Amino acid sequence: MSSNPNVGRSGIVLESRASYDQSDSGQNRWIEVLVDCPEAEAQKRLYTYRLPAQLQVQPGDILSVPFGAQVLGAIAIRICDAPPPDLNPAKIRDVEDVVSAGFFPPTYWQLLNQVAEYYYTQLIQVIRVALPPGLLGRSQRRIRLAPGEGERGGQAGQAGSANYLSPSACQILELLQAQPSGDYSFVYLQRQVRGAYRAIRELLRVKLVESYLEPPRTQRPKLQKAVTLVADVFPLDLTQRQREILEVLRRRGGDLLLTELLQICNASSSTIKTLEQKGCVVIQEREMLRTSAEPILAGDQPKALTPAQSEALEAIASLSSFARVLLHGVTGSGKTEVYLQAIAPILERGQSALVLVPEIGLTPQLTDRFRARFGNKVCVYHSALSDGERYDTWRQMLAGAAQVVIGTRSAIFAPLPRLGLIVLDEEHDSSFKQDQPAPTYHARTVATWRAELENCPLVLGSATPSLETWVNITSQELTSSTENSLTHYLSLPERIQSRPLPPVEVVDMRQELQQGNRSIFSRSLQEGLQQLQDEGKQGILFIHRRGHSTFVSCRSCGYVIECPHCDVSLAYHHTHEEAAELLRCHYCNFVRSHPQSCPECGSPYLKFFGSGTQRVAQELAQQFPQLRYIRFDSDTTRTKGAHRTLLTRFTNGEADLLIGTQMLTKGLDISQVTLVGVVAADGLLHLPDYRASERAFQTLTQVAGRAGRGNDPGQVIIQTYTPEHAVIQAVRRHQYQSFIETELEQREALNYPPYGRLILLRLSSTDAAEVQETAEMLAAGLASNTLQGDSSSDAHPTSPMYEILGPAPASILRVANRYRWQIMLKFAPDSLPELPDFNELRLLCPSSVSLTIDVDPLNLM
């Protein structure tokens, strides 16, 4: 990056606000802005606008500006005394409005530039991720049927138009006529119809459709009218009813929302308006924050710490500047209590703390515990909030009050001033990495940069640290002096109150089958469930897939029912007996009804293969009808507040079993759980991904750690067809150290992370041939720029800058009717090569081919 901390790769500088605190002298002023525009070339340059005299604008403000026929969001970059000399002042347009003032402090702007540069993303895309939804608005072009065309729709209209229109134009016309409103966005039609641009021009020319501009939809503060008592002595001409209303207002502190006052007094708004005219009250609009209404539990006091916890807390508290801390604690060792006690003095100093969790499902339990300790100083920020709640929570952060923000990966961009501590809980989790859309950032990486810019400590907590964190922390810990070390390794090797880790029993399902047990539950798990029912305890069943069955196949001809838009089978979903039987695609969400017979041969003999959460729940209900269960997966937690509702019901004892997917493995702390069963561990082990073993070990260790966290001992039963697998054996013995030593040897031999570095180029298009040709062209271009060693030289041959793997089709070639190809660039350890010009690669791609650059990818599927 540039030596100037405010300069990104585009050379854009955010001028200091202090430079422009002077008043407007009445002269024309101009401002250069970065426009939120979809065209890549427009995103790289600054545009000049005139500042109207009534607008007070500072660099860093978010503006609304005209751009062609659109009105777009823009970031104020630099105020100028004169426009560029090659630009005619008469053609310069005015800034429309200030959407939000003073958003970007210098360190925050530097962070966004750093993200844009490292992840090869346009700066405006990073800004859009950082801002709450709706703050930067973009108007969009829409196409609708011309007046009268909707009434003439249907078969007659289609038949008449087909005589002189191109096939693409007919297809667009059919789409519009099938839509009740007869209206679609231009972008949507381009995705659905090849050659849509020419087809729409054709329809516009014959006046069958019309084009119009929909203005941007931006979030605004929520305003409500409030009534304030202003008269100490009531006028004599008031009616008895008016006096009663004023007396109610006085008893309520002299200030109430208008709706609340009308409801209490059963009065009309005209009565209150009359009181305002007589000078007794003032009615004015007041902003109401749309924050998530979550309960605050009874006050929670700091708990006594174990010696290991005390040592960890003391080490964190001693840090007053940037440092990375790995808090490696076994499941149930009390990492959250260390976080809480480390944050308390930070709030007392008037600073804020940021706590990141991998899943939305973790936030209710963690938020409740933090709010019980810190009250209303805690707020949440994640995608499950409404747009209005996210907008108001984001603006509340800007106020500068000391607070704790708990959120998922996007919360790393929360605009908290005076940041004193950043915590990543379950730092190993892959949910911290964004695969799409760009930027493909990892919250752990961005958190490191932000902690360094804010000069505050970063705490990475996990029972199963990622190999990247383990190597980065422990290697630097060994080579740095204690006084000047920027990395610290802290261990919590035992559970609180010296509770033992639960014993792990591994069941060989091959032997179960040989001995006549055809149930999805082994005999050991059946005994555990029966004991659970007899003793009134609680348990967790983990299944790595949701739905009922992985796929549906015809037993007569072998046909597998697949998604029409993706190269994957449809999963069978059946929630309860009266519900419709559905087949759903877990990639594009396509849904169809379950057929009564095979679509290929007509046979009625269709068989379900594989087990998901729904099938496990059905099997459980048949074998153990007295056991009450709650399903906890993405199907049952779609609605707002569902995570909290389901977990609260389980914690309150309304169910004996929690059946779910990966969400169960992360951070759940329920003391009544004594049994954890893993129904099919093999689905985690055999994936075409070099990280498969690491992920499987982390997942199984984490879910096993949910058992025995209370006073009663726990029990873990893992069912597998490969009990000899190294991952299974490491989980059975709780041996993190031996597992990572073996795994790191393999990674180092192959130059895979954390030793090497990867960049994945993902290409997709609706045209299978075009995306393949583009992938091959890019790979050839990359290879031509690779340094080739001279094998004839006496010296060691020069190593290539990077190794090119591919191009190759993605493991699932087609998703949502888009064909996908990949190119992997692999860099040797400790190399700092000159990377290819990825902007040039983008320009080489046809407009119909999308290119995504995934730096440090976690998902290779």
Side-chain angles (χ1 to χ4, degrees), residues 326-333 335-336 356-359 361-362 408-409 424-433 435 442-444 460-474 489 491-493 495 501-502 504 506 540 542-545 660-669 676-707 709 716 718 720 722 725-747 752-754 856-861:
L326 172 58
L327 183 60
H328 182 196
V330 299
T331 54
S333 58
K335 293 185 289 294
T336 304
L356 299 184
V357 294
E359 293 274 2
L362 280 180
T408 48
R409 64 171 178 257
L424 257 78
D425 193 29
E426 311 292 356
E427 66 82 29
H428 66 275
D429 199 280
S430 59
S431 299
F432 281 124
K433 179 70 162 67
D435 293 327
H442 197 301
R444 184 179 60 228
L460 306 169
S462 177
T464 53
S466 64
L467 297 190
E468 287 85 353
T469 296
W470 177 266
V471 169
N472 289 337
I473 298 290
T474 56
Y489 175 78
S491 177
L492 302 178
R495 286 185 159 188
L501 287 169
V504 178
V506 177
I540 287 175
F542 169 74
I543 307 96
H544 72 284
R545 290 192 185 96
T661 52
Q662 302 267 0
M663 289 188 286
L664 294 178
T665 68
K666 303 167 185 176
L668 292 185
D669 187 2
V676 167
V678 179
V679 174
D682 304 271
L684 298 169
L685 300 173
H686 310 294
L687 296 174
D689 187 343
Y690 75 95
R691 293 181 183 270
S693 292
E694 180 187 4
R695 286 201 188 107
F697 177 82
Q698 289 167 340
T699 299
L700 294 174
T701 299
Q702 292 286 341
V703 74
R706 302 312 109 196
R709 299 169 80 97
V716 180
I718 297 179
T720 175
T722 53
H725 197 287
V727 168
I728 300 294
Q729 291 303 313
V731 173
R732 183 175 70 84
R733 300 188 181 99
H734 300 287
Q735 290 181 339
Y736 173 80
Q737 191 74 36
S738 63
F739 167 76
I740 61 168
E741 287 174 359
T742 304
E743 187 71 12
L744 285 173
E745 285 180 8
Q746 298 174 5
R747 298 277 186 94
Y752 275 113
D856 305 329
L858 294 187
N859 178 17
L860 305 183
M861 303 289 283

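Small disclaimer: the values here were computed from a predicted structure and weren't measured.
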Any S431 side-chain heavy atom under 4.5 Å of V357 side chain: no
Distance in Å, T701 OG1 paired with Q735 CD, rounded so as to fall on 0.5 Å steps: 11.0 Å
Considering all heavy atoms, the nearest A696-L684 contact: CB-O, 3.7 Å
Validation row: Y690, P753 side chains within 4.5 angstrom (heavy atoms): yes
Atom of E743, atom of L467 and distance for their closest heavy-atom approach: CG-CD1, 3.5 Å
R709 and T331, any side-chain heavy atoms less than 4.5 Å apart: yes
Gap separating the CG atom of L327 from the CG atom of L424, nearest 0.5 angstrom: 12.5 Å
Check: R409 side chain, H442 main-chain N or O, donor-acceptor pair, under 3.5 Å: no
Trace of the side-chain contact (heavy atoms from CB on, under 4.5 Å) decision for I728 with L685: CA-CA 9 Å; I728 300 294; L685 300 173; 4.1 Å; yes
Spatial distance of atom OH (Y752) from atom CD (Q746) [nearest 0.5 Å]: 12.0 Å
Intermediate values then yes/no, side-chain contact (heavy atoms from CB on, under 4.5 Å), Q702 and S462: CA-CA 9 Å; Q702 292 286 341; S462 177; 4.2 Å; yes
Contact summary for L700 and V703, nearest pair of heavy atoms: O-CG1, 3.3 Å
Main-chain N/O of S466 paired with T469 side-chain donor or acceptor, under 3.5 Å: no
Set of residues satisfying ring pair (Phe, Tyr, Trp, His ring centres under 6.0 Å) with respect to F697, sequence neighbours excluded: F739
Side-chain donor or acceptor of H328 paired with backbone N/O of A463 under 3.5 Å: yes
Backbone of L858 reached by a side-chain donor or acceptor of K433 within 3.5 Å: no
Check: P358 and H428 side chains under 4.5 Å, non-hydrogen atoms: no
Summary of salt bridge (charged side-chain N to carboxylate O under 4.0 Å, His left out) pairs that have at least one residue in residues 679-700, sequence neighbours excluded: E468-R691, D689-R695, R691-E694, E694-R747
Minimum heavy-atom distance between R732 and V506, given as atom pair plus value: CD-CG2, 3.6 Å
N/O donor-acceptor pair under 3.5 Å between H734 side chain and P502 backbone: yes
Residue pair S693 / H725: nearest heavy atoms and the distance that separates them: OG-CE1, 4.3 Å
W470 CH2 to L744 CG distance, which is reported to the nearest 0.5 Å: 9.5 Å
OG1-CG distance between T474 and L326, expressed to the nearest 0.5 angstrom: 8.5 Å
Heavy-atom closest contact (I718 atom, A681 atom, distance): CG2-CB, 3.7 Å
Any residue meeting salt bridge (Lys or Arg N to Asp or Glu O under 4.0 Å) with R444, in chain and number order, not counting sequence neighbours: E427
Donor-acceptor under 3.5 Å (Y736 side chain, P465 main chain): yes
